[in-house]
2 protein chains.
Amino acid sequence: MPAARGGDAGRSGPTLEQVAARAGVGRGTASRVINGSPRVSERTRAAVQAAVAELGYVPNRAARALAAGSMDAVALVVPEQENRLFAEPYFSEILRGVSTQLAETDMQLLLTLLHDERSRERFTQYAAAHRVDGVLMVSVHGDDPLPDLLREVGMPAVISGRRSHAEHVPYVDSDNFLGAQLAVEHLIGRGRRQVATITGPLDMYGARCRLDGYHEALRAAGRQGARPGERLVVEGDFTEEGGHRAMCALLEREPGVDAVFCASDVMAAGARLALREAGREVPGDVALVGFDDSAVARHMDPPLTTVRQPIEEMGRAMVRMLLELMSHERDRAGAEQGPYLVLPTELVRRRSS
Amino acid sequence: MPAARGGDAGRSGPTLEQVAARAGVGRGTASRVINGSPRVSERTRAAVQAAVAELGYVPNRAARALAAGSMDAVALVVPEQENRLFAEPYFSEILRGVSTQLAETDMQLLLTLLHDERSRERFTQYAAAHRVDGVLMVSVHGDDPLPDLLREVGMPAVISGRRSHAEHVPYVDSDNFLGAQLAVEHLIGRGRRQVATITGPLDMYGARCRLDGYHEALRAAGRQGARPGERLVVEGDFTEEGGHRAMCALLEREPGVDAVFCASDVMAAGARLALREAGREVPGDVALVGFDDSAVARHMDPPLTTVRQPIEEMGRAMVRMLLELMSHERDRAGAEQGPYLVLPTELVRRRSS
DNA sequence: CGCATTGATGGGAGCGCTCCCATAGTTTTG
DNA sequence: CAAAACTATGGGAGCGCTCCCATCAATGCG
């Protein structure tokens, strides 16, 4: 046994060379088999595969990356100010989808939380130096420069959720507009007359879409004359406290309100609390609908009717889209528009409406 | 400009060689500066650092890994059957802690979800081949062979939560025993006479500790004579339905129960539902305390008194411990016991008790 | 004052792999 | 039947870095 010198850290299993020797072929041929090249005879392929199995060979990623110039890894980037993201199933489900889909290739998933400016800068450099092959970004704010930066350095990237109507970075989004519309139609269908909404921060495109869906549903029901935009719309911030505040404001401004569509479950929880404090029954006096179908929705009393997004599927779709981008990267260097995907949302009826 | 051939994917920034040339030094010296070796003169160091800044040099990880035999990456492994893990803050907070602490080194965080046998096997091989430098495992079951496997192949690993009293793999845990004891003391202090508990699955060590804490609190209060173990202890399974079932059983068996310590918030939610169905007020008729301080606890009605664990800190501690293990790996190859860390828990009083 | 010691430096070797070119063996074609 | 065209294969070059050894200069010591 060789004396353990400093740098030998890896008794890292057999090398390609050893596999090749064992199979009685050359290194190049062994490599071809490992990488599924068709230009290998059946016999040889079998021999190499046997050797791989016997030796328990696992390719050395670093060596492969170095030689091939690709890293076989994609980064999932999460802006960490998004604390709330974490508490909700959103992130976890995206993660599950991403991970599942990625498992079918053998790419690595690198998780990067952007805590502060420093980590941000570091990641930017890292990406610019092409130390990953692609980037997935979750919950990007409208003014985040990162997606465009990545674009400039030719790093394939997919974001979850558009940042604006004119989003030019490839994205996967859910149909916020239609989801909101469904929710409000549902409330109208239940005979509610004064349907209000607590929106998300209106500088976020998704929040805006939900508001548009709300308006559209009212318009379609012939209620646009009521000018709901004025009295019945309150801007929230996706937090529980925000929902509470918004609901209080709403009750004061329009005591006759009998239904509220909240742009997130968490805000609905806040609103529900405000209603309780005001002595209003749910759904008796006021019907409530949320958005997200997060855990909160199921645990509220009464359980919250809400709009579900196919989040896990969004994660999977993001990966598929990214892989697609990565494989074509060369010949679309100058393309000005990426692929887009919008997945459907669905109303989940519970007792709050 | 060289014609873009197939494999050149990386126009990956400047190399060490170029930095060295720019700074007018040799490659070795440049490397020394980058890696903070002390054996470099101040002048030279400054020159190299200037060159790095000007060129925007970012070391090529693959090359570094290949040459140094270490991968500069640790894997965070999550057994995916743990669906519930994801819905709770637990995982997210661990993740934040891990990520924060890791950001101070420049290791990469590799996230691995173990969906099925195939991914499990793949990861095992991967680790055995030392394709990561260390492994963090979250929520390991008592019968999971992975930790011991890693140990055998000399892969440093830290798990969150002991698997048994005699855990021999390095771990970071929270003080389940004391947390439970606090909770039950609190209930006793509030004048409750018939304090029951709904436990977790008793094949999980953490659940067992919480039960022990419960017993200890009763014993300390001089109530061991009541043989609480028989009538007032029901085994749950950490799910909401389980909590509901357990509470129903409890009510039937011991209608006079006036306090319940649930070994998880989610079970407390189930129990709360059962109590509502049975027409019991919380905390009027029955006081309720949970464990975890998850989002559910805050959203219950009334908000749930519960036991908080310093989860983010646990994540950070896991990383510190792992780095420590990694740095000593060589000289402790034969050590039979790893370091352990148990962090304190804390009672969060809310209206349910 | 000459030789040993220390500190800073340059650069060779090689990590394990992929790419690609040269080679040899085999088949098709004129 | 020879030349051309494939096919399967071996192995060199080199990816960008770290490790380490040889080198050279500047000290220290007897």
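Convention: sequence-line order gives letters A, B, ...; per-chain numbering from 1. Since the structure is predicted, the reported quantities are computational estimates derived from the model, not experimental observations. Hydrogens, waters and symmetry mates play no part in the numbers below; they use all other heavy atoms, side chains included.
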What one should report as the nearest heavy-atom pair of B:Pro147 and B:Met137 is CG-SD, 4.1 Å

Is there any salt bridge (charged side-chain N to carboxylate O under 4.0 Å, His left out) pair reaching into residues 31-47 of chain B, and which pairs are they, with sequence neighbours excluded? B:Glu42-B:Arg45

Set out, in order, the CA-CA distance, both residues' side-chain angles and the distance that settles side-chain contact (heavy atoms from CB on, under 4.5 Å) for B:Leu136 and B:Val77, then state yes or no. CA-CA 6 Å; B:Leu136 300 169; B:Val77 175; over 6 Å; no

Does B:Glu117 have any salt bridge (Lys or Arg N to Asp or Glu O under 4.0 Å) partners at least two apart in sequence or in another chain, and if so, which? none

Just the rounded figure in Å: distance from C1' of C:dC15 to CZ of B:Arg131. 11 Å

Specify the closest pair of heavy atoms between A:Gly315 and A:Val98, including all atoms of both residues, with the distance to one decimal. O-CG2, 3.7 Å

Applying salt bridge (Lys or Arg N to Asp or Glu O under 4.0 Å), can you list everything that pairs with A:Glu17, at least two apart in sequence or on another chain? A:Arg27

Give the residues of residues 29-38 of chain A touching DNA chain C, defined as any heavy atom closer than 4.0 Å, sorted by residue number. A:Ser31, A:Arg32, A:Asn35

Between A:Tyr126 and B:Gln108, is there a side-chain donor-acceptor contact under 3.5 Å, judged purely by atom types and distance? yes

Kindly calculate the angle separating the two end axes of the helix from C:dC1-D:dG30 to C:dG30-D:dC1, each obtained from five base pairs, and round it to 10 degrees. 40°

Roughly how many Å is it from CG in B:Leu16 to C1' in D:dC15, rounded to a whole number? 13 Å

Taking C-beta and beyond as the side chain, do B:Ser31 and B:Asn35 meet within less than 4.5 Å on heavy atoms? yes

Quick one: does any side-chain atom of B:His115 pair with a main-chain N or O of B:Pro79 as donor and acceptor, under 3.5 Å? no

Atom CE of B:Met71 and atom P of D:dT18 are separated, to the nearest Å, by 14 Å

Listed partners of A:Asp148 passing salt bridge (Lys or Arg N to Asp or Glu O under 4.0 Å), at least two apart: A:Arg163

Determine the contact category for B:Arg27: base if any of its heavy atoms lies under 4.0 Å from a base atom, sugar-phosphate if only primed atoms, P, OP1 or OP2 are that close, otherwise nothing. base

Between atom CG in A:Leu66 and atom C1' in C:dG14, what is the gap in whole Å? 12 Å

Under the rule for salt bridge (Lys or Arg N to Asp or Glu O under 4.0 Å), what residues qualify as partners of B:Arg316, not counting sequence neighbours? B:Glu312, B:Glu313

Residue list, side-chain contact (heavy atoms from CB on, under 4.5 Å) with A:Arg22, at least two apart or on another chain: A:Ala51, A:Glu54, A:Leu55

Within-4.5 Å side-chain heavy-atom neighbours: B:Pro170 and B:Leu341: no

Distance in angstrom units between B:Glu17 CD and C:dG10 P, rounded: 12 Å

Listed partners of A:Ala30 passing side-chain contact (heavy atoms from CB on, under 4.5 Å), at least two apart: A:Leu16, A:Ala20, A:Val25, A:Val48

Assert: residue with more 5' nearest nucleotide on DNA chain D, out of B:Gly28 and B:Ala62, is B:Ala62

With a 3.5 Å distance limit and no angle check, can you tell me whether B:Arg120 reaches the backbone of B:Arg118 through a side-chain donor-acceptor pair? no

Is there a donor-acceptor contact under 3.5 Å from the side chain of B:Asp133 to the main chain of B:Val74? no

For nucleotides 22-24 of chain C, tabulate all protein N/O to nucleotide N/O atom pairs closer than 3.5 Å, reporting atom names and distance.
none

Please list, pair by pair, any protein nitrogen or oxygen found under 3.5 Å from a nitrogen or oxygen in nucleotides 4-6 of chain D.
none

Within residues 43-57 of chain B: residues closer than 4.0 Å to DNA chain C (heavy atoms): B:Thr44

